[in-house]
Amino acid sequence: QVQLVESGGGLVQPGGSLRISCQSAGSILDYNCIGWFRQAPGKEREGVSWISSSDGSTAYGKSVKGRFTISRDNAKNTVYLQMTSLKPEDTGLYYCAGANAIQFALNTTPDYWGRGTQVAVSS
């Protein structure tokens with residue numbers, strides 16, 4: 001059974017930085033891609049960033065490109081999201097997900113996901 005557990009969320013000021021983590025009970029290479037969705041109350045789900053298990057290529061949602069960086073540690077079964085220059089509109093529940101690239105790009109329901117970690121950007 002696939003288990004994904006997120007950590008590292010919290011409250012941060014606008015312009016600040018935060019790194020969140022996702023650890024899988026199994027190998028992160030079991031997924032076509034692993035990455036992050038986010039959702040805020042009253043807003044649609046948004047694919048934030050994802051990384052391919054085959055070649056390590058990365059992709060980012062338009063609103064976060066240039067500010068966020070995804071990385072992985074295969075030995076630790078962990079994927080990270082480094083967030084910088086945070087804005088209030090980045091606020092939301094960030095959850096780790098295993099899916100294919102199309103699911104991430106089109107903001108559709110992933111095959112696997114965790115419970116999420118809350119990120120709040122506010123002064």
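Please read all numbers here as calculations on a predicted model, not as lab measurements.
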I'd like to know whether F104 forms a side chain to side chain contact (heavy atoms under 4.5 Å, CB included) with V48, so could you lay out the CA-CA distance, the side-chain angles of the two residues, the decisive distance to 0.1 Å, and finally the verdict. CA-CA 8 Å; F104 279 106; V48 178; over 6 Å; no
So does [Y] get a backbone contact from the side chain of [X], meaning a donor-acceptor N/O pair under 3.5 Å?
{"X": "S49", "Y": "A59", "result": "yes"}
{"X": "R45", "Y": "Q39", "result": "no"}
{"X": "E6", "Y": "C96", "result": "yes"}
{"X": "Q103", "Y": "T109", "result": "yes"}
{"X": "D111", "Y": "A99", "result": "no"}
{"X": "S53", "Y": "Y31", "result": "yes"}

Pair E44, N107 - check side chain to side chain contact (heavy atoms under 4.5 Å, CB included), show working. CA-CA 9 Å; E44 297 179 345; N107 305 322; 5.9 Å; no
Between L4 and C22, which heavy-atom pair has the shortest distance, and what is it? CD2-SG, 4.0 Å
For residues S123 and P14, report the shortest heavy-atom separation together with the two atoms involved.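 Taking S123 first and P14 second, the nearest heavy atoms are N-CD, 3.6 Å.
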Hydrophobic cluster identity match, [X] and [Y], side-chain contacts under 4.5 Å:
{"X": "V119", "Y": "F37", "value": "no"}
{"X": "I28", "Y": "Y112", "value": "yes"}
{"X": "W50", "Y": "V64", "value": "no"}
{"X": "L81", "Y": "L93", "value": "no"}
{"X": "I70", "Y": "Y80", "value": "no"}

Nearest 0.5 Å, what's the [atom1]-[atom2] distance between [X] and [Y]?
{"X": "I51", "Y": "C33", "atom1": "CD1", "atom2": "SG", "value": "9.0 Å"}
{"X": "R38", "Y": "E89", "atom1": "CZ", "atom2": "CD", "value": "8.0 Å"}
{"X": "I20", "Y": "Y95", "atom1": "CD1", "atom2": "OH", "value": "12.5 Å"}
{"X": "R72", "Y": "I34", "atom1": "CZ", "atom2": "CD1", "value": "9.5 Å"}
{"X": "L29", "Y": "S54", "atom1": "CG", "atom2": "OG", "value": "9.5 Å"}
{"X": "T91", "Y": "Q118", "atom1": "OG1", "atom2": "CD", "value": "7.5 Å"}

Mark yes when over 12 heavy atoms from residues, nucleotides or ligands other than Q13 sit less than 6.0 Å from its CD; otherwise mark no.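 Counting neighbours around CD of Q13, 12 or fewer heavy atoms of other residues, nucleotides or ligands fall under 6.0 Å, so no.
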Starting from the C-alpha separation in whole Å, work towards a yes-or-no answer on side chain to side chain contact (heavy atoms under 4.5 Å, CB included) for T84 and S17. CA-CA 4 Å; T84 62; S17 300; 3.5 Å; yes
Relative to the ring of F68, is the ring of Y94 parallel (under 30°), tilted (30 to 60°) or perpendicular (over 60°)?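 Answer is tilted, since the angle falls between 30° and 60°.
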For a 4.5 angstrom cut-off between non-hydrogen side-chain atoms, does K76 reach S21?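 A side-chain contact under 4.5 Å is absent here.
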Go through it in stages, so that I can follow the logic: the residues are R67 and D90, the test is side chain to side chain contact (heavy atoms under 4.5 Å, CB included), and I'd like the CA-CA distance, side-chain angles, deciding distance and then a yes or no. CA-CA 11 Å; R67 299 188 297 119; D90 293 319; 2.8 Å; yes
